[in-house]
Protein chains: 2
Amino acid sequence: MGTSAVPDIVVGRLPLYLRALSQMEAEGKEITSSQELGERLGISSAQIRKDLSQFGEFGKQGTGYSIGYLTEQLKRILKVNQTWDVALIGVGDLGRAVANYAGFLDRGFRVVAIYDNDPRKIGLKVGPFQIRDAAKLVQDLRGQRIQVAMLAVPVAEAQSVTDRLVEGGVRAILCYAPTSISVPRLVRVQYIDPVLHLQRMTYYVP
Amino acid sequence: MGTSAVPDIVVGRLPLYLRALSQMEAEGKEITSSQELGERLGISSAQIRKDLSQFGEFGKQGTGYSIGYLTEQLKRILKVNQTWDVALIGVGDLGRAVANYAGFLDRGFRVVAIYDNDPRKIGLKVGPFQIRDAAKLVQDLRGQRIQVAMLAVPVAEAQSVTDRLVEGGVRAILCYAPTSISVPRLVRVQYIDPVLHLQRMTYYVP
DNA sequence: TAGATTGTTAATCGATTAACAATC
DNA sequence: TAGATTGTTAATCGATTAACAATC
């Protein structure tokens with residue numbers, strides 16, 4: 001859990017708040033309230049106020065929250081008031097889509113290099129990137145001080161690539177491979193497996 | 001929460017158990033225990049036993065769980081002992097990757113049709129699919145009794161397409177658009193937004 | 001001032017864990 | 001039988017909510 005006493009479940013909601021605030025800003029709004037934010041997200045206003053109070057006082061009684069100011073503060077707290085360089089490993093269909101995804105940049109992330117171990121792919125262009133040899137991964141990560149990686153390799157290779165990410169100094173891994181991976185305590189992992197979500201829903205479908 | 005008294009957080013872990021069991025089966029194992037399963041997943045053995053006990057008794061004291069039998073039971077509980085037809089709406093880079101993803105079929109899902117509203121895309125082939133006109137969505141969903149959909153359209157169109165999915169009788173939506181969507185109480189929604197996961201991790205990176 | 005909304009406390013609710021009898 | 005592991009109960013832990021004084 002890092003050094004912080006803030007529950008991880010609270011940290012996990014902050015990006016959601018940030019995303020909703022961005023949308024409000026795009027709609028031209030300048031002020032919001034815990035109630036309005038809560039309605040958009042299906043979360044109680046009390047929870048939003050409680051969550052935010054973990055980090056400071058960002059609102060005004062009687063008025064609510066300045067969208068611009070709260071956005072700025074949340075970005076600072078989540079450390080996305082900077083742009084993180086991200087490495088992408090595995091350039092299959094999914095990796096290709098991730099490499100071309102335009103939605104990272106304005107939310108704090110920038111893909112800077114993409115890797116594959118298939119000799120037929122190495123050197124090919126994908127969008128603005130040239131696919132690099134996965135054998136160069138560790139030295140690149142260290143050389144460019146890359147701390148964030150996205151993993152889009154087959155399940156069979158997920159753990160071995162993970163080990164090299166860790167060796168290269170990566171501290172946060174977004175794993176698209178449908179499997180659990182092991183990392184040292186200080187490395188964070190998040191998973192994306194669409195089938196888990198689908199299976200969770202069909203339980204409820206009559 | 002549907003009709004069931006089982007907490008949704010428990011339902012959400014069952015697909016994880018199922019996935020780990022499949023891997024064990026692939027490794028040639030036939031028996032496991034709540035402890036072994038828990039170690040793989042970073043979950044306590046007590047929690048696994050408690051979760052499973054919500055649905056019945058699947059193990060043997062002193063022995064553990066038959067991987068084959070427990071797999072079968074979890075598939076039945078999650079209703080993935082059948083194959084669900086899935087519609088995919090939005091054929092950008094991500095939609096293309098999802099359409100080509102081979103990992104759905106053996107886990108209970110099959111993409112049967114893909115849609116876009118861009119006249120330049122309609123009619124094009126993507127893998128085995130021909131992109132259909134999104135204007136045909138509602139009639140197709142009803143005609144084929146499709147209950148599950150994946151949404152890979154831009155944020156600006158997410159809500160309007162969602163409304164048509166609901167109109168067509170869809171009961172479960174996997175939303176790849178980075179926004180919250182509104183649905184009637186009986187329709188389930190799950191979200192995939194990689195940036196939310198990344199932002200949740202950078203909080204902890206020093 | 002009156003109305004609104006925050007930040008915070010205490011109460012409630014729900015989830016996780018520990019422990020153990022049952023039993024394979 | 002002895003050892004192992006389940007299913008379940010009670011205890012613990014943590015998260016959410018309700019309520020309200022403070023204050024804009």
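The shown structure was predicted, so the numbers you read here are calculated from the model rather than taken from an experiment. Reminder, nothing fancy here: chain letters follow the sequence lines and each chain counts from 1.
In this structure, B/Asp193 contributes its side chain and B/Pro178 its backbone to no donor-acceptor pair below 3.5 Å. Between the side chain of B/Arg19 and the backbone N or O of A/Val195, no donor-acceptor pair lies under 3.5 Å.
In a base pair of the Watson-Crick type (N1 to N3 plus N6-O4 or O6-N4) or a G-U wobble (N1-O2 and O6-N3), with each distance short of 3.5 Å, D/dT17 is matched with C/dA10. With both pairing distances under 3.5 Å, C/dA22 is matched to D/dT5 as a Watson-Crick or G-U wobble pair.
The distance between atom CG of B/Asp51 and atom C1' of C/dT17, rounded to the nearest whole Å, is 12 Å. We find that CG of B/Leu52 is positioned 15 Å from C1' of C/dT16, with the value rounded to whole Å. With rounding to whole Å, A/Ile48 atom CD1 is found 14 Å from C/dT5 atom P. With rounding to whole Å, A/Asp8 atom CG is found 16 Å from C/dT16 atom C1'. A straight line from CD of A/Gln35 to P of D/dA18 spans 13 Å, rounded to a whole angstrom. Taking atom CD of residue B/Gln54 and atom C1' of nucleotide D/dT9, one finds them 14 Å apart after rounding to whole Å. Between B/Ile31 atom CD1 and D/dG3 atom C1' there is a gap of 16 Å when expressed in whole angstrom units. Summarising the geometry, the separation between CD on A/Glu36 and P on C/dT6 is reported as 10 Å, rounded to the nearest angstrom.
Each of A/Ala46 and A/Thr63 lies near DNA chain D, and the nucleotide nearest A/Ala46 is the one positioned closer to the 5' end. Along DNA chain D, the nucleotide closest to A/Val10 and the one closest to A/Gln61 are compared, and the more 5′ of them pairs with A/Val10.
Across C/dA15, D/dT17, C/dT17, the shortest atom-to-atom separation from the side chain of A/Ser44 is found for D/dT17. Proximity note for B/Ser53 (side chain, C-beta onward) versus D/dG7, C/dA15, D/dT17: the nearest is D/dG7. Distances from the side chain of A/Arg49 to the nucleotides C/dG7, C/dT5, D/dT8 place C/dG7 closest. Relative to the side chain of A/Lys50, the nucleotides D/dC24, D/dT16, C/dG7 differ in distance, and D/dT16 lies closest.
Considering only side-chain N and O atoms, A/Gln47 lies under 4.0 angstrom from the phosphate OP1 or OP2 of D/dT16. One finds no side-chain N or O of A/Tyr65 lying less than 4.0 angstrom from the OP1 or OP2 phosphate oxygen of D/dC24. The side chain of B/Arg13 contributes no N or O atom lying less than 4.0 Å from OP1 or OP2 of C/dA15.
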B/Tyr203 and A/Val6: side-chain contact (heavy atoms from CB on, under 4.5 Å), yes or no, with the steps?
-> CA-CA 11 Å; B/Tyr203 173 81; A/Val6 177; 3.8 Å; yes
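Within 6.0 Å of atom CD in A/Gln54, more than 12 heavy atoms from other residues, nucleotides or ligands are found, so the atom counts as buried in its surroundings.
At a threshold of 4.0 angstrom between heavy atoms, the contacts of A/Ser34 are confined to the sugar-phosphate backbone, with no base atom among them.
Among A/Thr83, A/Asp85, A/Leu174, A/Val86, the one residue that satisfies the side chain to side chain contact (heavy atoms under 4.5 Å, CB included) test with A/Phe109 is A/Val86.
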